[in-house]
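A short worksheet on the structure shown next.
Everything numeric in this text was worked out from a predicted model, so none of it was measured.
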Amino acid sequence: MRAKRTAHPMAGVTKDGDTGGHQPPPCSGHRRLCEQGISCTLNTEVGMMLAVIRQPPDPTISPTLHGAPETDSYNSHHVQSLLSLRSIIFHPLRGSWHSLDPMVYLSPFLDIIQSEDVTAASTSAALYAVLKIMRLDIFSEITPGAREAIHAVVLAITNCRLELTDPASEDSILMHIHQVLTAVMHSNASVLLTDHAICTIVSSCFQIVQQSADRSDLLQRSARHAMHDLIEGIYSRLSNMRYSDGGPVDSGSEAEKNALFLHVSYTAQCMIDIFSFLCSLVNVEEPVDPETADASSDEEFQLFVLLLINTVVELGGDSINHHPGLLHIIQDDLFHHLIHYSTRSGQRILSITCNIVFSLYHFLRGSLRLQLEAFFIYVLLKIAKGSYGSQLQEVAVEGITSFCRQPNFIMEIYVNYDCDPIRHNVLEEIVKLLCKTAYPMSSPISSMQLQAFEALISIIHNIADGIKIHHALSRDAYAIDDSTFKPFWLERCDMHKDPDSWVEFVRMRKLKKKKIMMAANHYNRNEKKGMAFLNICRLVPSPPDAKSIAYFFRYTPRLDKNKIGDYLGESNDFNIKVLNEFAQTFEFDGVILDTALRTFLETFRLPGESQKIHRILEAFSERFYDQQTSGIFASKDAVFILCYSLIMLNTDQHNPQVKKKMTEDEFIRNNRAINGGVDLPREYLSELFLSISTNAITLFDSSSAVISEMNSHLWANLMKQTRTVEPYILCDYKHKLCREVFNTISGLSVATICVIFEQTDDENVLQECIEGLFSIARIARYSLEDILDELLFSLCKYTTLLNPYATAEEIVFSFSNEVKPRMATLAIFTIANKFGESIRGAWRNLVDCLLKLNRLKLLPPTLLETCRSATEADIDNDGGRHSKSESGSGVIYPPSYLGSDRRNISGLVGRFTELLSLESGADSMLNAASDMENNLKIIQQCRIDSIFKDSAGLPQESLQHLIRALVFAAAGKGQKFSTSVEEEETVGFCWDLIFIIITANLHRLSAFWMQFNECLALVSQVPQFSPCPFVEKAMVALLRVVILILSSEPPRLQDRQSEEMVFKSINLTWKLDKDILDACNDSVTEATMKILSKYARNVQTTLGWKTLFHLLSVTGRHPENFDRGVETLIGLMTEADHITRSNYAYCIEAAFGFAALKISPVEKSSQILNLMAGSVKWIIQWQKSSFYETGNSNMHNSSSSTEEGINKASSVQGNSFAATNLFMKLAEALRKTSLMVEVYLCFMVRLAAGPGFRTFWLGLLRRMDTCMKASLGEEGLPSPVMQELVPKLLKRMILEMKEKQVLVQSDESDLWEVTNIQIQWIAPSVKEELFPDD
């Protein structure tokens, strides 16, 4: 319709230049130039407009088409209007353009635009003039008359007449129209437009877009571009709209707010209407047919509409949450259309759909819980499985990758879906799909496989980065208490406000969900076992109630629907209660009967028995009748009858065996008077008939029947659930949940990454694999040690060091020329350095790799030399304990691993690439150094020594596994030696490492030494066990540990405990091969003598002294060690500071052993025997003293004494017996010498009081008999010296015994008779003198 405006251009101007009471502000110089510029612009446009109007018509063009007027009225009307405008442009009384009524300079051009009899050139020129005016923003929302002017512009442009234009000119005019409408929306005065005007603008622009489909490509592109600008202009103001009435939210003073609010006209309602219109344009009925010309089914058109929708979502952002109308359209129409249309479209449509949903997830996911789940299940995961072709599959995988890159996506998906018993396991399905897609079936890896791999790596990085805790908790801290039944099916997270309570609730719900899936598996195989499993796992109360069983049937996926139907149809009371509770789980308010029945029957298979069907439909009818809102049904019986009728109709309409189908009239006639004696509304029955006849009620018959497509009634149910479902949970990462998430996806993830690492040769992919494996190691610190072990098992395989079929040359060649083995080697030792606290069984593989490197001579020579020399220097120089040395040079990894983040890990892997790129410049590398030198440099970066020197930071369990791995490796487990030298070197290397570990962990020796002893006891069971090198190296290492313990000054109680344990291990070790001491006498002798000479004062245990004296005796048998051994023993006995009641017996035994050796010189033996005889004074002193202390009384004042805890005897009698026992030990040692008699006579009375005197005396007599018969000559005859000496000694002892009443005739003892008999055999010559009466 053409606008009718005849106001004079100067109507608003008074003689004084007043414009309706609005005096313009004083003009500055800049403002005057602005005013002059506007005047010149308007003058130019008027002049151009007049020139176009006065242009003579082209004689070759039809006058009708040209629009030439028959009279001068046309020229006079429009020309006069333009001339009037020109007359005031430079009028001195005009005033400011910004305060002048806009219709003064707009109306001449708007009249031409709406005129029916103007040429195309005139219309185009007028449109261009209006466009310039709007772009100059000559008037704003506060200009007088601005509201009428802006609406007049919209009205004129949307009613532009094109009757007299040719097609070429029409394209130009349409482009101008789009430009003007876009300029209107971007102008300051656009806020004055009404909702109707905004919708009119959008409608007009969209009509031009539709018309452009059959026109030039330039017009089409221009129209669509303008439409985008228009939508951007409209929705960019959504964030400023009031939440309640659609008005803008302003800031500033209250007066400014009120003044601006008076000018606002359009609200958010127009945005809602436009968005609804855009969503309706997405085709949901028919798939895209590229061959059709219909714009509604054209893929380009659909793509254009989706781009507009995406623009709305991006500009609206969070503000959409505050406008329920827009939010509802997104929740319902938009998502329904996107889900339905995505599987029926091409790549571009799917791509933009994923972008739209991605934006919606960012801004509105709190209100789109069910919609997002449906999109993942029915679109992305479905297409990404490949059933719709590889091209769409790649787009879907790309869409999933975009989501997986978001920091909180993984945790939120896990909490909202995987932990909800009635929702899908979306995260698990995503990870399974990514692993399956990324799994390399061939080489090279495709782009889609790389995308899936990147998504998988992103998931792992996000989980690792999200753990905000510095110290790992114990395994017990992650335990979940489910010892009692707690309702969980419909519990909501928003009931738990406390964060800790919320996290535990989610973890409990996930555990219940896992058990529910197990229960479903049991139930499908056997109903009774399934029910018993529910009770055992406390998924139902005890005894079970009907509601819990009903929830199990209603919400558990993959249950056998036949068995559910049979159970619900049973006639016993409990089953009927379950059926009623099952029906109560459905919400049927506002739902038509056939939709409700479809929803009900989708959850189970309707049984075939009529009585069961009757009971089930009766429960359904009661529930539907109670919730009906229309009041159509008079009773539940009417619902029941109609349900039966609908089932029969469904069979009739969709069973191919039924030839004659029921008509609508027959169906209506069959259901007369069922509603309490009256008919149901015919329209209602007709609607039911049409619904059933066109869409059959699907009866699922097994657990495998999964709905693969979102249909209308499923969407209706989803929207109904949206009103009651708990909101989408927005959460950050909680470390317990991170652990649960990764534990859920770890198996497939680790396996996939390891296989990709094995298959690919691309360095970028290898680097990403290493980054992912490092992130896995970071997560595994939280009581997921088995996962880290599996990871290291795989990585050790890729080092090629454990290949049993490869020769040493092949392994070295592979390590020197391939990146992957070196990268794997660096990775395993870096993980061992940074995350060793989480390694358990994988230590065995790491040790095997290390030993292989050692045998291949690929370890730096300073690896252990530095550690050993530092240890020995510490002991030899100042007697102090070994302290951890600083890490060697060339370290590329930071020693601290607590709180390490992905940036540190990325830096490490970046240096991997830098280090391993040596081979890229092969020529330069060969010029610089040999392959072996480069290999040594790489191994040096592994910082293998730090693993052992810094083992004090390992937890006890990890440390035990490491020591166990080294002990069994030293015993030959898993090793294959080519020569005995190689075996000896390997065993020694293992025990050197064990010594370093023990040195670093002396402060907690008791925590792991028991397990260490168990390993020593089990090594003999290793098939490849060779005692000789093992025991030899073990003895040396353990004695070095003893030196470390005894080097403490002053000795401590914990040192006593450690000393006891280590000496037990030494005794256990040499029992593995008792003859081994002869093979390793040099090293053992050196260590033993070092202990007895330097640290004897610090030996605190009896077992320690016994072991040391025994070692001294055994090793001293060898001629090369005899002199040092004797000097050490003589030194101990001479000083007498270290001889105590606890070690006296072992000292005497060792002394006699040295004295009795054939290689012992006479003077040495005599010296030793004299020291032994002189030790009697120690025994006498100990007997007199009430304390267990050393024989030298001066030791009480000695600062070097180690006997700090001297025990006081309980009584003098007890001390006497103790002294007697010591004497018996001494006598036993001296029984081959004449000194024995002297010592015996000194302690005879005390010995006689002891319980073992008879045995001792008989042994002494036997020793005398042996000496009597001993041969000292070459003839083999008894020695005359002994024949003379022995009777004298016997006579002296017996006479002394008679005198002291030790040997007397008595009925209580047979000592007299036994002695008499023995004398007859030993020395008959003195028998008559000693026993004259006999």
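- Contact annotation: the side chain of Glu763 never approaches that of Gln767 to less than 4.5 Å [non-hydrogen atoms, C-beta and beyond].
- Asp789 places a side-chain N or O within donor-acceptor distance of the main-chain N or O of Arg840, the cut-off being under 3.5 Å.
- Rounding to the nearest 0.5 angstrom, the gap separating the NZ atom in Lys852 from the OG1 atom in Thr800 is 9.5 Å.
- Of all the heavy atoms in Ser816 and Val812, the pair that sits closest is OG-O, 2.7 Å.
- Residues Ile811 and Ala806 come closest through the heavy atom pair CG1-CB, 3.8 Å.
- Side-chain atoms of Thr979 come within 3.5 Å of backbone atoms of Glu982 as a donor-acceptor pair (strictly under, hydrogens ignored).
- Between Trp991 and Phe1030, the ring-plane angle classifies as perpendicular under the 30° and 60° cut-offs.
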Practice prompt. Decide yes or no on side-chain contact (heavy atoms from CB on, under 4.5 Å) for Tyr1095 and Val1042, but give the supporting numbers first.
Written response: CA-CA 10 Å; Tyr1095 305 109; Val1042 171; over 6 Å; no
Worksheet entry | Verdict with reasoning, Ser794 to Ile753, per side-chain contact (heavy atoms from CB on, under 4.5 Å) | CA-CA 10 Å; Ser794 300; Ile753 295 175; over 6 Å; no
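- In terms of heavy-atom proximity, Val967 sits nearest to Cys1015 at CG1-CB, 4.0 Å.
- Listed for the Glu1059 side chain is no donor-acceptor partner under 3.5 Å among the backbone atoms of Ile1045.
- For the pair Gln941 (side chain) and Lys937 (backbone), a donor-acceptor distance under 3.5 Å is present.
- Partners of Tyr798 by ring pair (Phe, Tyr, Trp, His ring centres under 6.0 Å), not counting sequence neighbours, listed by chain and number: Phe757.
- Put simply, CD on Glu1060 and OG1 on Thr1102 are 7.5 Å apart, with the number rounded to the nearest 0.5 Å.
- Counting only heavy atoms from C-beta outward, the side chains of Phe995 and Val1036 never approach each other to under 4.5 Å.
- Using modelled atom types, one side-chain atom of Ser1065 and one backbone atom of Met1061 make a donor-acceptor pair closer than 3.5 Å.
- Side-chain contact between Leu784 and Ser838 is absent, with no heavy-atom pair separated by less than 4.5 Å.
- Every ring pair (Phe, Tyr, Trp, His ring centres under 6.0 Å) that Phe1154 has, sequence neighbours left out, goes to Phe1122.
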Item to complete: Dump the intermediate steps for side-chain contact (heavy atoms from CB on, under 4.5 Å) on Phe1012 and Leu1038, then the final yes or no.
Response: CA-CA 12 Å; Phe1012 177 75; Leu1038 292 174; 4.0 Å; yes
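- Using a 4.5 Å heavy-atom cutoff, the side chains of Ile939 and Phe829 are not in contact.
- Here the side chain of Arg822 pairs a donor or acceptor atom with the backbone of Glu818 at under 3.5 angstrom.
- Scanning for ring pair (Phe, Tyr, Trp, His ring centres under 6.0 Å) contacts around Phe1109 gives Trp1105, with sequence neighbours left out.
- Residues Leu856 and Phe815 are not in side-chain contact: their nearest non-hydrogen atoms beyond the backbone lie 4.5 Å or more apart.
- Of all heavy-atom pairs spanning Arg1004 and Ala952, the tightest one is NH2-O, 3.4 Å.
- Every residue two or more places apart in sequence or in another chain that forms a side-chain contact (heavy atoms from CB on, under 4.5 Å) with Gln759 is listed here: Pro440, Val755.
- Interatomic distance, Gln1011 CD to Leu959 CG, rounded to the nearest 0.5 Å: 10.0 Å.
- Taking 4.5 Å as the limit, every side-chain heavy atom of Ile947 sits out of range of all side-chain heavy atoms of Ser951.
- A distance of 4.5 Å separates SG of Cys942 from CG of Leu826, quoted to the nearest 0.5 Å.
- A side chain to side chain contact (heavy atoms under 4.5 Å, CB included) with Ile831 is found for one member of Ile770, Leu788, Ile776 and no other, namely Leu788.
- Looking only at distances, a side-chain donor or acceptor of Asn1067 sits under 3.5 Å from a matching main-chain atom of Phe1063.
- Between Phe1152 and Ile1168 the shortest side-chain heavy-atom distance does not fall below 4.5 Å.
- Distance check, rounded to the nearest 0.5 Å: NZ of Lys834 to CZ of Arg781 gives 8.5 Å.
- Ion pairing between Asp992 and Lys1033 fails under the 4.0 Å rule for side-chain N and carboxylate O.
- Remark: side-chain polar atoms of Thr825 are paired, donor with acceptor, to backbone N or O of Pro821 under 3.5 angstrom.
- Taking both residues in full, the closest heavy atoms of Ala827 and Leu795 are given as CB-CD1, 4.2 Å, listed atom of the first, atom of the second, then distance.
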Worksheet item: Should Met1089 and Leu1112 be marked as a side-chain contact (heavy atoms from CB on, under 4.5 Å) after you check the CA-CA gap, both sets of side-chain angles, and the distance that decides it?
Response: CA-CA 7 Å; Met1089 294 177 181; Leu1112 186 65; 4.2 Å; yes
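- Side-chain N or O atoms of Thr1088 include none that pairs as donor or acceptor with a backbone N or O of Thr1085 at under 3.5 Å.
- At a threshold of 4.0 Å, the pair Lys1164-Glu1127 counts as salt-bridged, since one of the basic side-chain nitrogens sits closer than that to a carboxylate oxygen.
- Annotation for Cys990 and Leu966: closest pair CB-O, 3.9 Å, computed over non-hydrogen atoms.
- Inter-residue side-chain proximity for Leu1111 and Met1035 is flagged as met; some heavy-atom pair is nearer than 4.5 Å.
- Annotation: the span from Ile1066 atom CD1 to His1110 atom NE2 amounts to 11.5 Å, rounded to 0.5 Å.
- Salt-bridge annotation for Glu985 and Lys857: present, with a side-chain N of the basic residue lying under 4.0 Å from a carboxylate O of the acidic one.
- Applying the salt bridge (Lys or Arg N to Asp or Glu O under 4.0 Å) rule to Lys1064 yields no partners; only residues at least two apart in sequence or on another chain are considered.
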Below 3.5 Å, can you tabulate the donor-acceptor pairs from side chains in residues 842-850 to any protein atom, sequence neighbours excluded?
residue : atom : partner : partner atom : Å
Trp843  : NE1  : Ile839  : O            : 3.3
Trp843  : NE1  : Ser958  : O            : 3.3
Trp843  : NE1  : Ser958  : OG           : 3.0
Asp848  : OD1  : Gln975  : NE2          : 2.9

